[in-house]
Amino acid sequence: MDERVRRWRLVLGGGEADGTGMSLRGDDAQMDGALSAVYEGRGGLGSSAPKVARWLGDIRGYFPASVVQVMQKDAIERLELTRLLLEPEMLDAVEPDVHLVGTLLALNAVMPDEARESARRVVRQVVGELERRLEQRTRAAVGGALDRAARTHRPRRHADIDWDRTIRANLRNYLPEHRTVVPARLTGYARRQRGVQREVVLCLDQSGSMAASVVYSGVFGAVLASMRSLKTSLVVFDTAVVDLTDQLHDPVELLFGTQLGGGTDINRAIAYGQGLITRPADSIFILVSDLFEGGIREEMLRRVAAMTQAGVQVVVLLALSDEGAPAYDHENAAALAALGVPAFACTPDAFPDLMAAAIERRDLNRWAELQASRR
């Protein structure tokens, strides 16, 4: 069988529309059936949890994990299988991913006890994989940025001099006859702090379109909270505000403390987050939201302006996910930009560098432009 024709046959499906005139056998026929159940409706999956669980097992055998995750997501959306996710048999058969976690968190309030532990296992697996992928890079980027931000060319004490960097910066002042370097310019640390150097407030919109962003933000919040040099707070909001800072040590519990969906009062959330800041000049306030404001818009903008004027580094992320920005309020984004506050989408892999840029007070608009040009 010609491989190219075979692939086209699997893509186009069966019947008169495919145009290949080719029949499939064996595993190819099984793959075709699995695809057709979602994308053509032939046979379908019905509303039987055992049947759907078998289908999930089949696609995991035929396709790589990345494809399985796409097919799962499409099946849930196209065939309205959300209700079946409340059954443990289904949860034990799925391929865990960020989108599935978002769906489970949205169902948290109606989830029966027998499904809850299976759901926690799914969430725990995804969170663990994300932490392994992102923690080291985040620590390195943030730690390096804090070191760079604390450097000075006028160290106050001998112990504060970074001799390695000082020598490298003064190699042109080497005196061969004395076998020494004249340190005309010192490099050192403005302060050697063992305590908190920056305050970080993560403020997360719980509306339904922000599900993936909430998952990633929860993981990043837990990583940041584990760094002694940062004081990290995390609040989630819809029309009400919930402070989940005390759950940052356990991102799984933190995520189950969210409640996806509902209205949005950004102004109230910013007011609460603003109250957590005690050192404005050393603080970073990150709002993760699509900016559809259900509260008082003018007051929201006034609060953001007040924070920036006080020295807070304010960042608005329209999404913290791999999918780019969803629908968002362009008018509010433009109003924030006029205040000098950038609003853009950020991928999880770029977030550590974003934190470093914010700590060093680099131009975040320029940073966002560079990120966009690399995609």
*Asks:* Measure the OG-CE distance between Ser66 and Met71 for me, rounded to the nearest 0.5 Å.
*Replies:*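 Taking OG in Ser66 and CE in Met71, the distance rounds to 11.5 Å.
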*Asks:* Are Leu291 and His330 side-chain neighbours, meaning at least one heavy-atom pair lies under 4.5 Å?
*Replies:*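 Contact flag for Leu291/His330 side chains = no.
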*Asks:* Kindly indicate whether the side chain of Val316, heavy atoms from C-beta on, has any atom under 4.5 Å from the side chain of Asn332.
*Replies:*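 SC-SC contact between Val316 and Asn332 ruled out.
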*Asks:* Under 3.5 Å, side chain of Thr264 to main-chain N/O of Gly294, donor-acceptor pair present?
*Replies:*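 No; zero donor-acceptor contacts below 3.5 Å.
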*Asks:* Does the side chain of Arg121 reach to within under 4.5 Å of the side chain of Arg116, using non-hydrogen atoms?
*Replies:*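 Counting from C-beta outward, Arg121 and Arg116 never come under 4.5 Å.
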*Asks:* Can Arg302 and Glu298 be counted as an ion pair, charged N to O under 4.0 angstrom?
*Replies:*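 Salt bridge: no.
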*Asks:* Would you find a donor on one side and an acceptor on the other, under 3.5 Å apart, between the side chain of Gln206 and the backbone of Gln259?
*Replies:*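 Flag set: sc Gln206 to bb Gln259 pair under 3.5 Å.
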*Asks:* With side chains defined as the heavy atoms from C-beta onward, is the minimum distance between Phe292 and Asp205 less than 4.5 Å?
*Replies:*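 No, too far: nothing below the 4.5 Å cut-off.
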*Asks:* Please confirm whether the backbone N or O of Met300 pairs with a side-chain atom of Asn267, one donor and one acceptor, at under 3.5 Å?
*Replies:*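 Yes, the answer is positive, given that a donor and an acceptor are paired below the 3.5 Å cut-off.
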*Asks:* Which atom names give the shortest non-hydrogen contact between Arg198 and Ile359, and what distance separates them?
*Replies:*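 Nearest pair, atom of Arg198 first, then Ile359: NH2-O, 3.5 Å.
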*Asks:* Could you check whether any side-chain heavy atom of Pro352 comes within less than 4.5 Å of a side-chain heavy atom of Met355, counting everything from C-beta outward?
*Replies:*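 Pro352 does not reach Met355 side chain to side chain.
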*Asks:* With a 3.5 Å distance limit and no angle check, can you tell me whether Thr245 reaches the backbone of Ser233 through a side-chain donor-acceptor pair?
*Replies:*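 No, the answer is negative, given that no donor and acceptor are paired below the 3.5 Å cut-off.
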*Asks:* Between Asp363 and Arg366, is there a side-chain N and carboxylate O pair less than 4.0 Å apart?
*Replies:*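 Salt bridge: no.
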*Asks:* Can Asp353 and Arg137 be counted as an ion pair, charged N to O under 4.0 angstrom?
*Replies:*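 Looking at Asp353 and Arg137, the cut-off is not met.
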*Asks:* Mind checking salt bridge (charged side-chain N to carboxylate O under 4.0 Å, His left out) for Glu129 and listing every partner two or more places apart, or none if nothing turns up?
*Replies:*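 Partners of Glu129 by the salt bridge (charged side-chain N to carboxylate O under 4.0 Å, His left out) criterion come out as none, since no residue qualifies.
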*Asks:* Quick one: does Glu293's side chain have a donor or acceptor within less than 3.5 Å of a partner on Ile266's backbone?
*Replies:*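 Yes: the side chain of Glu293 pairs with the backbone of Ile266.
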*Asks:* Distance-only, no hydrogens or angles: does the Thr258 side chain make a donor-acceptor pair with backbone N or O of Leu254 under 3.5 Å?
*Replies:*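 Pair absent, no side-chain N/O of Thr258 close to backbone of Leu254.
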*Asks:* Hey, is CD on Glu369 packed in by over 12 heavy atoms from elsewhere, all under 6.0 Å?
*Replies:*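 Count over threshold, so yes.
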*Asks:* Give a yes or no on whether the ring-centroid distance for Phe220 and Phe351 is below 6.0 angstrom.
*Replies:*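 Yes, the ring of Phe220 comes within the 6.0 Å limit of the ring of Phe351, centre to centre.
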*Asks:* Taking the cut-offs as 6.0 angstrom to the six-membered ring centre and 45 degrees off its axis, would you call Arg120 and Phe256 a cation-pi pair?
*Replies:*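 Yes, Arg120 sits over the ring of Phe256.
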*Asks:* Do Leu202 and Val235 come within less than 4.5 Å of each other through their side chains, counting heavy atoms only?
*Replies:*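 Counting from C-beta outward, Leu202 and Val235 never come under 4.5 Å.
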*Asks:* Is there a donor-acceptor contact under 3.5 Å from the side chain of Arg268 to the main chain of Thr239?
*Replies:*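 Checked: pair present.
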*Asks:* Under the 3.5 angstrom rule, does the side chain of Glu360 hit a backbone N or O of Arg362 as a donor-acceptor pair?
*Replies:*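 Checking the backbone N and O of Arg362 against the side chain of Glu360, no donor-acceptor pair under 3.5 Å is found.
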*Asks:* What distance do Leu255 atom CG and Arg124 atom CZ have between them, rounded to the nearest 0.5 Å?
*Replies:*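 Leu255 CG to Arg124 CZ: 11.5 Å, rounded to 0.5 Å.
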*Asks:* May I ask you to test the Gln371-Cys346 pair for a side-chain heavy-atom distance under 4.5 Å?
*Replies:*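 Not touching, per the 4.5 Å side-chain cut-off.
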*Asks:* Do Glu199 side-chain atoms and Thr278 backbone N/O form a donor-acceptor pair below 3.5 Å?
*Replies:*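 Yes: the side chain of Glu199 pairs with the backbone of Thr278.
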